[in-house]
Engineer: 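Here's a structure for you.
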Amino acid sequence: MKVLGILGSPRVNGNSDILLDQALAGARDAGAEVEKVVLSKKKIAGCLDCGKCNEKGICVHKDDMAEIQQKILEADAVIHSGPLYFWAMTSQLKAYLDRWCAFFDENWEWQKSYAPKMKGKKIGLITVCGDPNPSTSDPIVHSFKSTCEFTGLNLYGVVKASASKKGEIEGNEKAKKEAYQIGKKAVIKQG
Ligand SMILES: Cc1cc2nc3c(=O)[nH]c(=O)nc-3n(C[C@H](O)[C@H](O)[C@H](O)COP(=O)(O)O)c2cc1C
């Protein structure tokens, strides 16, 4: 069992990172092998919509997304964590998500070679916003929910939290517990 964590915040050791670490600790405690990718440390160009990936599922960009794509394929669950930037996900997370294009053919069906590993894959999402109402991050949730519904992924858990200053979430035991649980839930089979 492998759980991949994707950090969408450029603030390493920031709020989303702290919650992602909690989630990965939950997954590890439930017996999974875990790995974290910090998107801001990777080179990920924007999707060109050139359609070349429709043929074999390989993007024309020669950057770090190829290696991340492989990790996604191998993972049983992928947990994303990122802050709200101007009522949307960060540019790092959006560039990454757009590059999922390479998993599909021209009809937005999974590439045949990827389908067995991708269909129904567990996707988790953690959001943090400065606004005291955690639901201010709902545009990010909407994006992931719609993407998962459209493609047949399993958005099995969402955690929304509020924090502003770097590391402030450390004092939010409820959010940390919820994040830990989303990690555990990635591993434990649901009925
Ligand atoms: C460029 C930028 C835009 C932001 N936009 C919003 C916003 O629209 N709504 C909000 O509630 N917080 C906003 N924030 C605050 C962050 O979501 C908040 O500080 C969060 O805790 C950062 O998480 P991190 O430590 O994981 O990076 C913004 C922060 C930055 C840097």
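Remember, it's 1-based here, ligands and their atoms both numbered in the order they're listed. The analysis underlying the following values was restricted to heavy atoms, covering all of them including side chains, and did not include hydrogens, waters or symmetry mates.
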Engineer: Please could you name the atoms of ligand 1 that Val128 approaches to less than 4.0 Å, counting only its heavy atoms?
Structural biologist: 17 (O), 21 (O)
Engineer: Counting distance only, does the side-chain N/O of Lys174 pair as donor-acceptor with the main-chain N or O of Ala161 below 3.5 Å?
Structural biologist: no
Engineer: Could you tell me whether a side-chain N or O of Ser135 sits under 3.5 Å from a main-chain N or O of Asp138, the two making a donor and an acceptor?
Structural biologist: no
Engineer: Where is the nearest protein heavy atom to atom 23 (O) of ligand 1: which residue, which atom, and how far?
Structural biologist: Pro83 CB, 3.3 Å
Engineer: Check this for me - ligand 1, Leu84, N or O atoms closer than 3.5 angstrom, yes or no?
Structural biologist: yes
Engineer: Roughly how far, to the nearest 0.5 Å, is the CG atom of Leu20 from the CD1 atom of Ile126?
Structural biologist: 5.5 Å
Engineer: As a quick check of understanding, evaluate side-chain contact (heavy atoms from CB on, under 4.5 Å) for Arg99 and Cys59, giving each step before the final call.
Structural biologist: CA-CA 8 Å; Arg99 293 286 295 282; Cys59 182; 3.4 Å; yes
Engineer: Among protein heavy atoms, which lies nearest atom 2 (C) of ligand 1, and at what distance?
Structural biologist: Tyr85 CD1, 3.6 Å
Engineer: Specify the protein heavy atom at minimum distance from atom 27 (O) of ligand 1: its residue, its atom name, and the distance to 0.1 Å.
Structural biologist: Ser9 OG, 2.6 Å
Engineer: For Ala163, is at least one N or O under 3.5 Å away from an N or O on ligand 1?
Structural biologist: yes
Engineer: Which residue and non-hydrogen atom of the protein lie closest to atom 11 (O) of ligand 1, and at what distance in Å?
Structural biologist: Asp131 N, 2.8 Å
Engineer: Give the atoms of ligand 1, by number and element, whose distance to some non-hydrogen atom of Arg11 is under 4.0 Å.
Structural biologist: 19 (O), 21 (O), 22 (C), 23 (O), 24 (P), 25 (O), 27 (O)
Engineer: Is there any N or O on Ser164 that sits under 3.5 Å from an N or O of ligand 1?
Structural biologist: yes
Engineer: Could you tell me whether Gly130 and ligand 1 have an N or O pair separated by under 3.5 Å?
Structural biologist: yes
Engineer: Within ligand 1, which atoms have a heavy atom of Gly14 less than 4.0 Å away?
Structural biologist: 25 (O)
Engineer: Flag the pair Lys176 and Glu173 as a salt bridge only when some basic side-chain nitrogen lies within less than 4.0 angstrom of an acidic carboxylate oxygen.
Structural biologist: yes
Engineer: Is a side-chain donor or acceptor of Tyr114 paired with a backbone partner of Gly57 at a separation under 3.5 angstrom?
Structural biologist: yes
Engineer: Return yes or no for this condition: an N or O of Thr136 is under 3.5 Å from an N or O of ligand 1.
Structural biologist: no
Engineer: Tell me which protein heavy atom sits closest to atom 7 (C) of ligand 1, plus the residue, atom name and distance to 0.1 Å.
Structural biologist: Phe86 N, 3.7 Å
Engineer: Would Trp108 and Phe104 count as a ring-ring contact (aromatic ring centres under 6.0 Å, His included) here? Give the steps.
Structural biologist: CA-CA 5 Å; Trp108 292 102; Phe104 303 97; 5.6 Å; yes
Engineer: Within the structure, does Ser16 bring an N/O atom to less than 3.5 angstrom of an N/O atom in ligand 1?
Structural biologist: yes
Engineer: Can a donor-acceptor pair be found, under 3.5 Å and without considering hydrogens, that links the side chain of Asp105 to the backbone of Glu55?
Structural biologist: no
Engineer: Please determine which of Gln69, His80, Lys42 meets the side-chain hydrogen bond (donor to acceptor under 3.5 Å, both in side chains) test together with Tyr96.
Structural biologist: His80
